[in-house]
Amino acid sequence: MDRDKLLDIYTRTMRIARFDEQMRSVIMSGKLATLYYTVRGQELVTAAMMAAANKDDYLVTTYRGQHDQIAKGVPLDLLIAEIAGRETGTCKGKGGSMHITHPATGVMVTTGVVGSGLPIANGLALASQNRKDGKITICCFGDGATNIGAFHESMNMAQLYGLPVIFFCQNNRYGEHTAFADHTKVENIALRAAAYNMKAIHVDGNDTEAMYAAAVEAVEHARSGKGPVLLEAMCYRMMGHFFGADFSYMPPDHLAEMAAEDPLPKLRKLMLDHQFSEEELDGMVATLDKEIEDAMTFAFESPFPSAAELTVDVFEEKIVEGRYGA
Amino acid sequence: MDRDKLLDIYTRTMRIARFDEQMRSVIMSGKLATLYYTVRGQELVTAAMMAAANKDDYLVTTYRGQHDQIAKGVPLDLLIAEIAGRETGTCKGKGGSMHITHPATGVMVTTGVVGSGLPIANGLALASQNRKDGKITICCFGDGATNIGAFHESMNMAQLYGLPVIFFCQNNRYGEHTAFADHTKVENIALRAAAYNMKAIHVDGNDTEAMYAAAVEAVEHARSGKGPVLLEAMCYRMMGHFFGADFSYMPPDHLAEMAAEDPLPKLRKLMLDHQFSEEELDGMVATLDKEIEDAMTFAFESPFPSAAELTVDVFEEKIVEGRYGA
Amino acid sequence: MSKITMGQGLNRAIDEAMAEDEGVILLGEDVAAKQGGGVFKISAGLTEKYGEHRIRATPISEQAIMGACVGAALTGFRPIAEIMLMNFVTVCMDQIVNHAAKLRFMSGGQTNVPLVIRTTTGVGVGFGGQHSDMLEAWFAHVPGLKIVTPSNAADAQGLMRAAIACNDPVIFIENILCYGLQSDDPGANHVVPLGKAAVTQEGRDVSIITYGRTVLDALEVAGQLKDEGISAEVIDLRTIAPFDEEAVLASVKKTGRAIVLHEAVKAFGTGAEISARINEKLFGQLKAPVVRIGGAFSAVPMANVLEQAWIPNKDEIKEAARAAVKWGN
Amino acid sequence: MSKITMGQGLNRAIDEAMAEDEGVILLGEDVAAKQGGGVFKISAGLTEKYGEHRIRATPISEQAIMGACVGAALTGFRPIAEIMLMNFVTVCMDQIVNHAAKLRFMSGGQTNVPLVIRTTTGVGVGFGGQHSDMLEAWFAHVPGLKIVTPSNAADAQGLMRAAIACNDPVIFIENILCYGLQSDDPGANHVVPLGKAAVTQEGRDVSIITYGRTVLDALEVAGQLKDEGISAEVIDLRTIAPFDEEAVLASVKKTGRAIVLHEAVKAFGTGAEISARINEKLFGQLKAPVVRIGGAFSAVPMANVLEQAWIPNKDEIKEAARAAVKWGN
Ligand SMILES: Cc1ncc(C[n+]2csc(CCOP(=O)(O)OP(=O)(O)O)c2C)c(N)n1
Ligand SMILES: Cc1ncc(C[n+]2csc(CCOP(=O)(O)OP(=O)(O)O)c2C)c(N)n1
Ligand SMILES: [Mg+2]
Ligand SMILES: [Mg+2]
């Protein structure tokens with residue numbers, strides 16, 4: 001594949017990977033106490049997806065969305081400051097990791113409610129359709145989310161209206177503690193598109209070239225006005241549901257299967273095959289590490305929000321005691 | 001087909017048809033003011049379905065459910081008394097036509113909320129599965145209901161647990177004022193079963209023999225422990241959404257198409273082909289009319305419930321002012 | 001002077017807003033021309049003017065309706081979501097409460113949701129337990145939502161214009177029995193500000209604080225009480241939350257007696273908050289206990305006799321006023 | 001004496017009920033042994049004893065979970081539905097409100113729904129705006145539902161037994177911060193009747209009426225107030241609706257002063273009903289205005305500093321008690 005595009009995907013992937021590792025270590029160190037949904041194993045799928053999209057396309061994602069946000073371009077300093085509950089965070093510390101919002105990079109909603117991003121994604125796409133602004137909306141969610149009502153209603157409405165939206169299912173084989181085979185009897189999620197007469201793509205998300213090709217196909221379909229597409233990328237949740245959570249319920253053979261499919265070593269090998277040298281790759285990683293360390297420093301040196309923040313952003317006007325019984 | 005079974009289906013069908021016609025005339029006459037969802041055009045599909053099931057199987061239906069309830073065996077006097085809001089009605093007049101309940105004939109829930117019967121049907125079936133009582137649950141709903149979240153969640157759960165339930169979609173081509181093609185892009189509802197790896201049957205509900213065969217197949221599948229089935233019976237809503245409602249939004253060609261497919265003349269012809277005489281058929285109808293008139297008399301001569309009814313059936317214990325701020 | 005009905009007022013307000021702003025769109029079941037402009041015809045004529053891309057008939061998918069409106073609102077559109085009957089909000093509370101109400105706050109003010117959620121309900125039409133509920137108390141308890149309900153056609157038009165102009169989500173509750181109510185035509189571009197109550201009837205002896213259809217009952221009762229020499233003041237809140245505390249307290253300070261009236265179930269209803277606030281702010285200044293009158297403690301029954309016994313009735317209001325005035329002597 | 005935690009108490013009550021009645025089943029996400037017995041491990045060990053047909057791990061499908069429990073309950077089963085966090089009731093309100101709560105009434109008493117809806121929530125763990133809400137006020141406004149919440153391990157066990165035995169739907173709210181709380185072991189088959197409050201601390205000067213986690217705050221404050229010579233009585237409602245009006249009125253009659261405290265948003269919260277009722281029934285007998293203390297008027301923020309500012313705090317309670325006692329002099 002195109003060497004520049006590969007480099008782009010590699011950079012996005014490693015920015016996510018290094019961020020994830022450093023987040024885990026800062027939590028381990030006790031320096032930060034927060035609920036963090038690790039993205040280990042899902043770095044590549046979203047890097048390839050966002051590399052195929054435009055900066056001003058809309059993104060809707062979930063609590064497990066830091067990889068999507070980074071791939072889309074959310075600045076790491078603002079992102080980490082938000083996760084650390086600082087005034088300088090994307091949301092002034094009010095939202096936290098589950099609710100990252102950053103319209104400047106198209107990140108319109110990050111939801112903590114399973115499946116709830118899909119109906120909202122339709123609305124963003126509907127606005128683009130009416131405005132004819134050429135944007136598409138990418139909506140990220142997991143395999144478990146496809147069993148909830150909002151998924152179904154949204155798929156049907158998107159196809160009915162021919163909305164420019166990509167339903168990007170990152171099938172990491174688990175919904176919290178429940179394995180795929182224990183939450184549905186359908187063989188894969190892509191098969192569900194037929195219930196709406198919608199285009200579907202099913203791809204091995206750990207294969208960089210296949211994943212990128214699928215992303216490009218999905219983006220072209222949605223942007224061309226042909227309507228929505230359901231893109232299912234097979235990947236693995238390589239750790240527990242959130243960082244630190246017990247995952248003894250994951251059987252050994254599954255863990256072994258995952259290790260063998262880890263996208264990071266596979267991608268590194270692909271880079272080497274494309275004549276990137278070990279040195280170059282290590283150099284890039286070092287640069288990313290520096291970027292992340294600076295962002296961490298920025299975040300941890302930032303002040304906490306003031307209590308007065310409770311009275312703003314509830315309504316357009318400030319909350320005044322009495323009127324609201326507050 | 002078997003002559004006795006055909007007679008059974010004919011009797012259920014005509015009991016519904018005569019009830020529906022007399023309900024409409026009593027409303028027209030001004031003697032009864034109520035919201036009545038006419039079942040004109042859907043008499044046969046449910047008659048055939050219930051003729052294939054057992055009296056003690058469970059039924060869950062909707063506001064447009066009088067045909068299902070009658071086919072299942074709910075006594076007409078109690079049914080009409082309930083619709084007329086009388087103390088002698090199935091629900092003491094508290095429920096009305098949208099909420100007919102009659103456990104004695106397996107009618108466990110009639111809901112006014114689109115799609116909400118499906119999750120409940122799963123629960124009835126789950127109880128049967130645990131009790132091994134051999135019962136199946138029949139859940140009736142419309143085409144429009146298949147676009148709501150509850151449909152999706154219920155289908156997935158039923159297949160996951162292998163529940164003995166028949167999802168009986170009476171596709172009458174309209175959801176309130178919205179035609180099928182304007183509420184989904186899927187060609188038919190049966191196709192949606194694939195999203196759950198569920199067995200599906202699609203049948204012309206105006207063809208008595210085909211409809212009964214489909215019903216038998218569905219019942220055998222569910223009762224044998226093979227799990228749920230989605231049965232889609234194509235039919236027509238031959239009048240407005242509720243009786244008296246304007247239906248100018250229904251195009252003439254559609255109205256013509258419906259008239260040609262009316263199940264009642266078709267069934268009558270089938271009866272004649274099976275050596276039932278005109279006289280016999282008319283005689284049966286006369287008997288049914290008498291039964292319905294008696295039921296109407298019973299209903300309209302019954303007393304209205306007393307206001308004290310507001311304090312009972314809220315909880316097991318009576319409501320006492322004060323405790324409940326009532 | 002020419003008259004308009006509540007239905008016409010609502011239709012006109014939406015029409016005016018749509019003419020002004022391409023971003024005003026309407027999503028709901030059966031709302032487009034092809035379906036007859038809504039089951040209550042509130043959007044009649046709008047598809048012809050603004051097109052199906054702005055008047056979107058939807059599948060029966062309330063979560064998708066609400067979510068689509070939330071998403072469009074995030075881009076600066078001003079969507080109007082029509083939920084056919086208020087009980088059906090129970091299938092889309094997540095989008096309203098976890099998203100529409102909270103996105104401004106959770107995003108630290110980066111985004112906001114200028115959304116109007118229109119819905120209708122009402123007791124007295126024989127629709128029974130699943131089609132008659134008044135659930136405004138739920139929404140009032142959710143920071144980030146405003147709740148509005150008109151008691152007359154002119155207010156319906158003016159409040160709808162204000163609701164569409166509001167940069168935060170507004171729950172707009174219409175009473176099914178009120179669509180035919182007539183008012184003097186308030187003319188074009190009539191706006192009634194959110195958060196302001198109306199003193200619909202001046203009085204000295206007792207304040208009846210209410211909203212929506214029961215304003216009519218209160219006015220009728222106030223008229224009858226006059227003949228008994230009791231001067232009742234009627235406050236139409238118009239905005240239920242945040243409600244006009246100043247207006248309520250001013251009235252009760254004057255009369256020293258308050259009756260809080262609504263059609264919704266009395267227990268844990270909005271009347272509880274209003275009563276609690278009056279008692280907190282006017283402790284020791286009341287001549288009689290604040291009385292709450294509301295719906296009975298049961299699901300709404302279908303049988304008409306029971307339904308009529310369920311709704312707060314005028315004799316009950318009259319009795320409460322008499323008792324308040326007599327209190328202590 | 002040996003101790004149990006709230007988690008253990010809940011697990012034991014469910015275990016005892018399951019051993020007694022084949023009809024007691026549990027549905028919820030991750031609840032079975034294969035998933036580790038629930039994310040909070042409340043159902044640990046039960047699958048091994050009673051099998052996967054009775055402990056059913058579900059897909060992420062709250063409407064299907066709730067509906068399945070309603071349906072099973074209609075046949076005489078006594079299902080327990082686990083909704084992982086209270087905010088997720090927003091995706092299944094229809095089954096709870098339009099069905100579970102109303103089927104007994106709408107069927108004229110032919111059917112009933114003996115269902116327990118277990119859920120957990122709580123402010124103070126940094127879960128943010130969509131995982132911390134206290135929505136009991138919504139359910140209290142719905143005739144046909146009972147709402148229960150324990151403040152200690154023994155009550156958790158006893159109330160759960162009573163909830164499972166109840167022939168009507170019960171919303172059972174657990175506070176995420178309380179699972180580790182320890183009580184003296186109440187022993188097997190411990191039952192705490194629904195609808196009965198507990199006087200957790202006797203006092204003369206002011207009544208603090210509360211429930212759930214804030215009972216702990218109230219008790220701590222009561223202890224501190226003693227040193228100031230203020231004798232505070234603490235009432236733990238245990239059943240929020242229908243609440244124990246007799247107990248509340250008896251206490252406030254005695255003290256003449258009331259503080260109603262809960263973690264939920266204050267505006268239009270359950271405290272409004274309790275305050276309104278006290279004012280209605282004890283008009284003229286109060287020495288000070290009834291004070292309500294509750295959560296701030298915003299979504300629950302994630303940042304810890306903001307979250308702590310959001311929750312009702314002990315100084316606020318103390319101040320309110322002092323002010324009430326000082327009132328008028
Ligand atoms: C409506 C709802 N139910 C339950 C939860 C609790 N929950 C959070 S994440 C999760 C699992 C989601 O699985 P999946 O969709 O596969 O996404 P993944 O976590 O694997 O990325 C659950 C059940 C929730 N957040 N929302
Ligand atoms: C959740 C919900 N949304 C909307 C409605 C209003 N409504 C009542 S019947 C109906 C149409 C249902 O169509 P379909 O499922 O095809 O059943 P049919 O009436 O054709 O038998 C609608 C939209 C409702 N009852 N419930
Ligand atoms: Mg997953
Ligand atoms: Mg239909």
Side-chain angles (χ1 to χ4, degrees), chain B residues 33-35 63 82-87 89 91-99 111-116 142-151 175-179 182-184 241 245-249 251 303-315 319 321 323-326, chain C residues 28-39 41 52 56-65 67 84-85 87-92 94 125-132 265-269 271-272 275 292 294-311 313:
Chain B
T34 189
L35 194 62
Y63 52 90
E82 184 59 31
I83 295 171
R86 307 302 169 121
E87 179 190 276
C91 312
K92 301 192 269 181
K94 290 174 164 180
S97 69
M98 281 204 261
H99 305 299
T111 183
V113 184
V114 167
S116 298
D143 49 303
T146 69
N147 296 322
I148 201 159
F151 165 85
E176 204 136 322
H177 300 193
T178 304
D182 297 321
H183 69 62
T184 184
H241 176 54
D246 148 76
F247 56 105
S248 52
Y249 52 84
F304 290 106
S306 85
E309 280 296 331
L310 293 180
T311 63
V312 296
D313 306 327
V314 177
F315 289 125
I319 298 298
E321 199 289 329
R323 269 191 86 54
Y324 307 88
Chain C
E29 291 149 14
D30 303 328
V31 297
K34 200 168 172 187
Q35 294 83 28
V39 293
K41 305 244 177 279
E52 289 198 329
R56 297 204 183 216
T58 68
I60 306 168
S61 307
E62 281 78 7
Q63 294 187 76
I65 293 168
M84 198 183 283
L85 288 171
N87 277 83
F88 312 147
V89 299
T90 55
V91 296
C92 59
D94 166 61
V125 271
F127 282 3
Q130 293 180 335
H131 288 67
S132 311
V265 168
K266 173 181 158 190
F268 298 88
S275 169
R292 290 178 295 149
F297 193 77
S298 81
V300 176
M302 189 283 292
N304 184 265
V305 285
L306 293 182
E307 198 181 20
Q308 290 309 318
W310 191 98
I311 322 180
N313 76 59

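Residue numbers start from 1 in every chain, and the chains themselves are labelled A, B, ... in the order their sequence lines are given, proteins ahead of strands.
Within 6.0 Å of the CD atom in C:Glu52, the count of heavy atoms belonging to other residues, nucleotides or ligands does not exceed 12. Around NZ of C:Lys34, the count of heavy atoms belonging to other residues, nucleotides or ligands within 6.0 Å does not exceed 12.
Nearest approach of B:Ala307 to C:Ala309, heavy atoms of both residues: CB-CB, 4.0 Å. Closest heavy-atom contact between B:Met98 and C:Phe127: CE-O, 3.3 Å. Taking both residues in full, the closest heavy atoms of C:Ser61 and B:Asn147 are given as OG-O, 2.9 Å, listed atom of the first, atom of the second, then distance.
For the options C:His131, C:Gln63, C:Glu307, heavy-atom pairs under 4.5 Å to chain B are most numerous at C:His131. For the set B:Thr178, B:Thr146, B:Ile83, B:Asp246, the count of heavy-atom pairs under 4.5 angstrom toward chain C peaks at B:Thr178.
Only the side chain of B:Val114 comes within contact range of chain C, judged by heavy atoms closer than 4.5 Å. If you measure heavy-atom distances from B:Thr184 to chain C, you find no contacts under 4.5 Å at all. For B:Leu310, the parts lying under 4.5 angstrom from a heavy atom of chain C are both the backbone and the side chain. With a 4.5 angstrom heavy-atom cutoff, B:Ser248 does not touch chain C via any of its atoms. Residue B:Tyr63 does not touch chain C at all, counting heavy-atom pairs closer than 4.5 Å. If you measure heavy-atom distances from C:Phe268 to chain B, you find no contacts under 4.5 Å at all.
Distance check: B:Asp143 CG to C:Ile60 CD1 gives 7.5 Å after rounding to the nearest 0.5 Å. Interatomic distance, C:Glu62 CD to B:Ile148 CD1, rounded to the nearest 0.5 Å: 4.5 Å. To the nearest 0.5 Å, atom OG1 of residue B:Thr111 and atom CD of residue C:Gln130 are 4.0 Å apart. Residue B:Glu176 holds its CD atom at 10.5 Å from CD of C:Gln35, rounded to the nearest 0.5 Å. Residue C:Met302 holds its CE atom at 9.0 Å from SG of B:Cys91, rounded to the nearest 0.5 Å.
When each of B:Ile319, B:Thr311, B:Asp313, B:Val314 is tested with C:Ser298 by the rule side chain to side chain contact (heavy atoms under 4.5 Å, CB included), just one qualifies, namely B:Val314.
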